[in-house]
Amino acid sequence: MAKEIQKEQEYLDKVKRTIKKQINEVEEDAAKRKEEVIHIRKHFWDDLKVNMDTFDDYLETIIGMRQQAQDLSVSQGTHRHSYKRLEKLKRIEKVPYFGRIDFTEEGTNDAERIHIGVSTVFDETKETILIYDWRAPISSVYYDYPLGPAEYATPEGVIHGELEGKWQYNIRDGVIQSMFDTSLTIGDEILQEVLGQGSNKHMQSIVATIQKEQNKIIRNVRGRLLIVQGAAGSGKTSAALQRIAYFLYKYRETLKADQIILFSPNNMFSNYVSHVLPELGEENMLQETFQSYLEHRLGDSFTIEDPYEQLEYLLVETEDPAYKTRKASIQFKASAHFFEAVKKYREALESDGMLFKGLKFRGQTIVSAKQVKDIFYRENTSLRFHNRIDMLKERLLKEIDKTEKLERKKKWVQDQIELLSKDELQKVYNQLEETDEFNEDSFEFYVKEKKVLTRMIVRSKLKPLRKKVEGLQFINIKGLYRQLFENSIKQKLWEEQDLPPEWEDICSSTRKMLEENKLFQEDATPYLLLKELIQGFHSNTSIKHVLVDEAQDYSVFQFEFLKRLFPMAKMTVLGDFNQAIFAHADHSVDFRSLTSLYGKSETEYINLQRSYRSTRQIIEFTRQLVPEGEHIEAFDREGDKPILSILANHDELHTEIGTKIEALRNSDYQTIAIICKSAAESSVAYDVLRDRIHNLKLVKKNNDEYEKGVIVIPAYLAKGIEFDAVVIYDASMEVYGEENLRRMFYTACTRAMHQLQIYSVGEPNQFLSNIPSGRELISQG
């Protein structure tokens, strides 16, 4: 092995020398290009003759300006390219590659050594590849095959051959620390080392340890929809981010980062994953939360409850008299049944039920709401619904034109003219001076000036009304949504047995919120969908790929809406039903039912069952908390068993937590989370513990960045993030006594990578008591 390491070190040194030489060349080129850009900017006008005397002179000037601008653009583009190339080379200088395959292509005799890294590197001749990008077609062999027959797909066809050897390297600062000859997909040695490290404030790239099942996600380009159901810690999000990097590599001529959008659960998670693509030398994709999109579309008209406010209510306000009604409202409004009812409602509006707002100007009615409705149901009824809306808009604009002509003759206009400033009068005077043939002292000039001023004033006053009509604001969307919850529409949309027993109370609470210009979270997407179905969709055709993380917490409405919002995009959906923190509201989507979005032939489904985040002991414990958890496979990384400590009261609890945190810090754990059920419990815990634990931080829903150290955090904000050690604040029956909190508890426990400490003040919850004998966690107390 020592001889093989020496031989490989010689190759590594050769690669390093090549990279160093290329860095020097690119630095020199980048500096040169930068000087060119500065020179062109500085002397842009020096060599440009500006002459407007004749048309030919004017044309020559314009052509010269365009040429100068083009030269500047080319130089800036070249400099940008050099700078990006320099960044990539410096990024891989000390660790140029992480793996190697020895592959004999069918029809040849000698095995070719293929070194694999984050970026492609050529030798000095530019003809021989020293390092292959991990996204290159041949690199898939490294991830997908053990020794023996192997193949990979290229644009020219499938290449068959024999995988003769597979190596993994541990390189630090340009020196090979160790290398492993493995016949496994990816050797456990490197993966063990990576997983054994502490967590970071940002998610890291996994290109050196991508597993075969993850590689299927990354390189899957079939169909419109890829659904990934994966256990906690199975690498769903990591694989999705490498998938984006793969797309940007494979389709680099036609796809840009700003044509890909990732919907994240919250801003803190967005920040947590924001470093992966730059680490791979790619620009970040767009990131959005569904809530921020709702705020963008409806925030001017309504105060919208966010999903965490909704969840906090359900977790904390269980004694509220309206609790049962609210829970039923969430369940019903997020159902496929309600989605179909909204579509049916819109179709019914073609014949009756549309609500409009009348047009008024200066307190006088131009067209009443009833008149607008009569026009809609009387005229152009043979046209399609949206064409009828457009024709109605044009009709109303004509009514405004008529009003404009009538208003010009009224006294208020003359009063406004007398109040005009000198600047406004001068503006009109300048316009007339350019076009009028008459002397400014003539009577005709005065008449024309007054006419222009009159038209200007009336038109400016009518401009807001005209803008509202052009924006279809004469349609009473709020009234139409309210109408869904009135008895007049009830019989048309639903059978009595389809409605929940709390229907009348649901209707009452919904109407009350609308009157206050507020929307429950469960109303926001249905409201926006109805608005779009009536006014026409604001679709985005520039986005080519949509990724939805934590998809188990999205409703039918939201997926249907995303499909319509991005009609040209492929979609990747990632989630885990065992972590459906909103599942107690019964509005999670069955992933397999999502095949109806694009059809079975356009849908791929991948199930990841192996978990890598936690130690084997933690995974063997957490998988017993959820139904069918036995299917979750643990990666064989050893550690301590989770510990349950049962305490008599909260004073003991806070003392124990303080002592435990000190011990974890002394064990050099960098990220430690005290996880509570809710924000309310987190606030209480933080207030008590901050005097006992130095530099303790409280994470709230509006936090934008996850920091290292010791934090107190609600379980629902910890989703998607991992910690070196997790302390469950209180797992008692009193706190987690309801069955619908099982997934919440599971989510909290699965955040731990190395250590899991569970505390219970009094009797532990039933999820812990159901753990089979002989495989229980260590119990103290």
Side-chain angles (χ1 to χ4, degrees), residues 80-99 116-121 131-136 139-140 143 194 199-211 214-221 226 228 230 234-289 292 542-551 566 569-574 704-706 720-722:
R80 205 160 36 240
H81 177 77
S82 296
Y83 184 74
K84 285 183 178 179
R85 178 63 181 157
L86 184 61
E87 277 189 324
K88 284 186 178 182
L89 288 168
K90 286 185 174 181
R91 191 178 294 112
I92 65 173
E93 184 179 10
K94 293 184 177 180
V95 185
Y97 52 86
F98 52 79
I116 299 169
V118 172
S119 185
T120 300
V121 176
I131 304 172
Y132 284 79
D133 192 296
W134 66 276
R135 296 163 290 186
S139 301
S140 65
Y143 299 111
V194 170
S199 67
N200 198 289
K201 65 181 289 186
H202 295 113
M203 181 179 282
Q204 305 298 302
S205 162
I206 62 165
V207 291
T209 57
I210 292 170
Q211 303 296 288
Q214 294 168 334
N215 199 41
K216 287 181 181 178
I217 297 169
I218 294 167
R219 295 175 187 260
N220 187 298
V221 294
L226 174 64
V228 180
S234 58
K236 300 181 295 297
T237 303
S238 294
L241 294 170
Q242 319 299 311
R243 175 172 169 80
I244 294 173
Y246 177 71
F247 284 155
L248 291 171
Y249 173 86
K250 183 176 177 66
Y251 304 110
R252 52 191 175 277
E253 301 300 326
T254 58
L255 182 66
K256 304 301 178 187
D258 61 5
Q259 293 175 304
I260 302 173
I261 186 167
L262 169 65
F263 280 90
S264 302
N266 52 58
N267 291 334
M268 188 172 68
F269 180 86
S270 296
N271 183 274
Y272 178 62
V273 302
S274 64
H275 283 227
V276 174
L277 287 174
E279 186 182 323
L280 296 172
E282 301 290 354
E283 292 182 19
N284 254 324
M285 70 270 135
L286 301 174
Q287 290 199 64
E288 185 76 274
T289 65
S292 65
S542 65
I543 297 295
K544 295 185 178 179
H545 290 276
V546 175
L547 295 95
V548 182
D549 208 351
E550 303 296 347
F566 304 109
K570 292 187 175 183
M571 190 181 292
T572 302
V573 169
L574 312 132
D704 287 333
E705 187 170 357
Y706 157 59
I721 302 175
E722 56 191 25

**Report entry** Contact check, side chains of Leu255 and Leu248, non-hydrogen atoms, under 4.5 Å
**Finding:** yes
Report task. For Phe269 and Asn271, run side-chain contact (heavy atoms from CB on, under 4.5 Å): C-alpha distance rounded to whole Å, both residues' side-chain angles, the deciding distance at 0.1 Å, then the answer. Result -> CA-CA 5 Å; Phe269 180 86; Asn271 183 274; over 6 Å; no
Query raised in the report: Hey, does the side chain of Gln287 reach the backbone of Ser270 with a donor-acceptor pair shorter than 3.5 angstrom?
Result: yes
Query raised in the report: Is there a side-chain contact between Ile543 and Leu286 (heavy atoms, below 4.5 Å)?
Result: yes
Query - Side chain to side chain, Leu241 and Met285, heavy atoms closer than 4.5 Å - result: yes
**Report entry** Residue pair Val221 / Tyr246: nearest heavy atoms and the distance that separates them
**Finding:** CG1-CE2, 4.2 Å
Requested in this report: For Gln242 and Ala239, indicate whether the former's side chain and the latter's backbone hold a donor-acceptor pair under 3.5 Å.
Outcome: no
Query raised in the report: Below 4.0 angstrom, N of the basic side chain to O of the carboxylate: do Arg135 and Glu282 qualify?
Result: yes
Requested in this report: State whether the side chain of Lys544 and the backbone N or O of Gln259 hold a donor-acceptor pair below 3.5 Å, judged by distance alone.
Outcome: no
Report task. Mind checking side chain to side chain contact (heavy atoms under 4.5 Å, CB included) for Asn215 and listing every partner two or more places apart, or none if nothing turns up? Result -> Ser140, Tyr143, Asp144, Ile210, Ile218, Arg219
**Report entry** Arg243 side-chain N/O to Thr237 backbone N/O, donor-acceptor pair under 3.5 Å
**Finding:** no
Query - Partner residues of Arg91 under the side chain to side chain contact (heavy atoms under 4.5 Å, CB included) criterion, sequence neighbours left out - result: Glu87, Lys88
**Report entry** Side-chain heavy-atom pair Ile217, Lys236 within 4.5 angstrom cut-off
**Finding:** no
Query raised in the report: If only atom types and distance count, is the side chain of Ser139 paired as donor or acceptor with the main-chain N or O of Asp133 below 3.5 Å?
Result: yes
Requested in this report: Say whether, by atom type as modelled, one donor and one acceptor occur between the side chain of Ser238 and the main chain of Gly235 under 3.5 angstrom.
Outcome: no
Query raised in the report: Looking just at side-chain N and O atoms, do Asp549 and Ser264 make a donor-acceptor pair shorter than 3.5 Å?
Result: no
Query raised in the report: Do Tyr249 and Leu280 come close enough that some side-chain heavy atom pair is under 4.5 Å?
Result: no
